Trainee: 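What follows is a single structure, and I will ask about it in a moment.
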Number of protein chains: 2
Amino acid sequence: MDDGATRERILDAARQVLADRGTAGARTQEIADTAGVNKALIHYYFRTKEALAEAVFQRELAALLQPVLRTLGSPLPLEEKVRTVVGLYLDKLSAFPQLPGYVLAEIHFHPERLDDFFAAAVGSLPEVAMAPVFEALRRQIDQASASGEIRPISPPQFMVNLISLCVFSFAARPLLTRVTGGETGFDALISERRDTLADFFLMGLRT
Amino acid sequence: MDDGATRERILDAARQVLADRGTAGARTQEIADTAGVNKALIHYYFRTKEALAEAVFQRELAALLQPVLRTLGSPLPLEEKVRTVVGLYLDKLSAFPQLPGYVLAEIHFHPERLDDFFAAAVGSLPEVAMAPVFEALRRQIDQASASGEIRPISPPQFMVNLISLCVFSFAARPLLTRVTGGETGFDALISERRDTLADFFLMGLRT
DNA sequence: GTCTATATTTCGATAGAC
DNA sequence: GTCTATCGAAATATAGAC
């Protein structure tokens, strides 16, 4: 058929199937069917299922981390960073709610892929890659806490708290769906979070 | 060998292997080796790998939820509930840090198991099971917000925020381990959270 | 209850035609 | 580049002796 387009179709199909079943649970046959191509073609483009799964994982993890790291490392005021990150996450994840469950599962079951990820997508050790973001936050936090606006908090704790509050509810979606009485209940929960999360977080920093 | 003890040995071994590899990735051979028994015995006690995986999952999810639900539904003051839950989680998860990654993955890839879980372990619909906990929180939150201590917040948001802050960092442990420069860095992160999380959360509720 | 040996199925991967 | 057909390797599950 094409010129890179088939490869993309396979990647998209793989993303869908892998997000629902994980690397170990996914069947190349199902990926092929979803992509509308033959099984053999998958091995033509990606040598093994594992290689395909790794390619998809790198892509999705990058899509999940990059906007947030960019925002937190930017020159925006601290409060705006928080509001931006909350908005970014809730929008992105509402559009693809399986993403956290899938990415966390892959991180958990295939942690070695993280090493390739940082080497390839970032080009350095993870600690080094994070350094500028931590630096930017450190400066703003020091300043805001010196003036008594907030309590001191380490940049990693700041990030972990913020990301936890945004991402966890999606990772636990199947559970929350049931506890809140169905998909509608879950959507309502998320929509409420959209309005309250940033304030909750920012208040949590206060002195 | 025994009278229930072998069954327990298999369950323990399965827990270990399943937590590391998930249902789809786990091999009955590895579970048998870990338990020190033969593969066939696993099928003698649990008919299929799936049935074994489900038994383990029910167990671990219950262990994860019950203490927290009991605490939040108890007559303790709100602030003490929060401090107790933070302590419970960080202790339990420090002792078995793979637990959140495993449980969330199983919830994600096998959501139908949740229906059996609520039917069996709780004996009712999830919404019904949660009702008394939500009720207890609702009363305390109403009271505290009427007296101006805190802002109003719905019990589900309260719970999701609290659990997110406790659990997420463990689910993302392989990533955080790398970002914080190794296991030592991760342990330090968690130990810092032990001292700061409850205050952060309680401050977040403030008006 | 526990084992050894084996049947059976599923699935990733390859060969080879077009 | 894409397909059909097939191989070969796991891996689950069972039969049957002890």
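Protein chains get the first letters and strands the later ones, always in sequence-line order, with residue 1 at the start of each. Bear in mind that the values here come from a model prediction, so they are computed numbers and not experimental data.
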Trainee: Please tell me whether A/Arg194 and A/Ser94 have a donor and an acceptor in their side chains that are separated by less than 3.5 angstrom.
Mentor: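 The criterion, which ignores hydrogens and geometry beyond distance, is satisfied for A/Ser94 and A/Arg194.
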Trainee: Please state how far atom CD in A/Glu54 lies from atom C1' in C/dG12, giving the value in whole angstrom units.
Mentor: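 The answer, rounded to whole Å, is 18 Å.
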Trainee: What nucleotide among C/dT14, C/dC3, D/dA13 has an atom nearest to a side-chain atom of B/Leu41?
Mentor: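 Among the listed nucleotides, the one closest to the side chain of B/Leu41 is C/dC3.
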Trainee: Looking at D/dA13, I'd like to know if its phosphate oxygens (OP1 or OP2) sit under 4.0 Å from a side-chain N or O belonging to B/His43.
Mentor: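 Affirmative; the distance criterion is met.
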Trainee: Are OP1 or OP2 of C/dT2 and a side-chain N or O of B/Thr6 less than 4.0 angstrom apart?
Mentor: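 Looking at the OP1 and OP2 atoms of C/dT2, one of them is under 4.0 Å from a side-chain N or O of B/Thr6.
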Trainee: Using distance alone, with no hydrogens and no angle criterion, decide if A/Thr23 and A/Glu106 have a side-chain donor and acceptor under 3.5 Å apart.
Mentor: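 A pair is found: one side chain offers a donor N or O, the other an acceptor, under 3.5 Å apart.
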Trainee: Measuring from the side chain of A/Tyr44 (C-beta onward, heavy atoms only), which nucleotide among D/dT2, D/dA13, C/dA13 has the closest atom?
Mentor: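 Nearest nucleotide to the side chain: D/dT2.
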Trainee: Taking only side-chain nitrogens and oxygens of A/Tyr45, does any of them come within less than 4.0 Å of OP1 or OP2 of D/dT2?
Mentor: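 So the side-chain polar atoms of A/Tyr45 do come within 4.0 Å of the phosphate oxygens OP1 or OP2 of D/dT2, strictly under.
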Trainee: Remember a base hit wins even if backbone is also touched, and classify B/Ala26 as base, sugar-phosphate or nothing at under 4.0 Å, heavy atoms.
Mentor: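 The answer is sugar-phosphate, as B/Ala26 gets under 4.0 Å only of primed atoms, P, OP1 or OP2.
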Trainee: Round to a whole Å and report the spacing from CD of A/Glu8 to C1' of D/dG1.
Mentor: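 Whole-Å distance recorded here is 16 Å.
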Trainee: Separation of B/Ile42 atom CD1 from D/dA11 atom P, in whole Å?
Mentor: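 Rounded to the whole Å, the gap is 14 Å.
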Trainee: How many whole angstroms separate atom CZ of A/Phe46 from atom P of D/dT2?
Mentor: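 Between P of D/dT2 and CZ of A/Phe46: 12 Å.
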Trainee: Using only side-chain N and O atoms of A/Thr28, determine if any of them is under 4.0 Å from OP1 or OP2 of C/dG12.
Mentor: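 Checking A/Thr28 against C/dG12: at least one side-chain N or O falls below 4.0 Å of OP1 or OP2.
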Trainee: Can you list, pair by pair, the side-chain donor-acceptor contacts under 3.5 Å of residues 115-127 of chain A, counting residues two or more places apart and other chains?
Mentor:
residue	atom	partner	partner atom	Å
A/Asp115	OD1	B/Arg178	NE	2.6
A/Asp115	OD2	B/Arg178	NH2	3.4

Trainee: Could you verify whether a donor N or O on one side chain and an acceptor N or O on the other, from A/Asn161 and A/Gln157, lie under 3.5 Å apart?
Mentor: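 No, A/Gln157 and A/Asn161 have no side-chain donor paired with an acceptor closer than 3.5 Å.
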Trainee: Rounding to a whole Å, what distance do you find between A/Asp33:CG and C/dC11:P?
Mentor: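 So the CG-P distance, A/Asp33 to C/dC11, works out to 12 Å.
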Trainee: Using atom NZ of B/Lys39 as one end and atom C1' of C/dT4 as the other, report the distance to the nearest whole Å.
Mentor: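 Spelled out: NZ on B/Lys39 to C1' on C/dT4 is 11 Å.
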Trainee: Are any of B/Arg27's side-chain N or O atoms less than 4.0 Å away from OP1 or OP2 of D/dA10?
Mentor: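 No, outside the criterion.
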Trainee: Can you measure A/Arg7 atom CZ to D/dG1 atom C1' for me and round it to whole angstrom units?
Mentor: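 To the nearest whole Å, that distance equals 14 Å.
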Trainee: So if I take every side-chain heavy atom of A/Asn38 and compare against D/dA13, C/dT2, D/dT4, which nucleotide ends up nearest?
Mentor: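 Minimum distance to the A/Asn38 side chain belongs to D/dT4.
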Trainee: Given D/dT12, D/dA13, C/dG12, which nucleotide is nearest the side-chain atoms of A/Lys49?
Mentor: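 Between D/dT12, D/dA13, C/dG12, the one nearest the side chain of A/Lys49 would be C/dG12.
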Trainee: Give the rounded distance in Å between these two atoms: CD1 of B/Ile31 and C1' of D/dA13.
Mentor: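 B/Ile31 atom CD1 is separated from D/dA13 atom C1' by 14 Å.
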Trainee: Hydrogens and angles aside, do B/Gln29 and B/Asp33 bring a side-chain donor and acceptor to less than 3.5 Å of each other?
Mentor: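 Per modelled atom types, B/Gln29 and B/Asp33 side chains form a pair under 3.5 Å.
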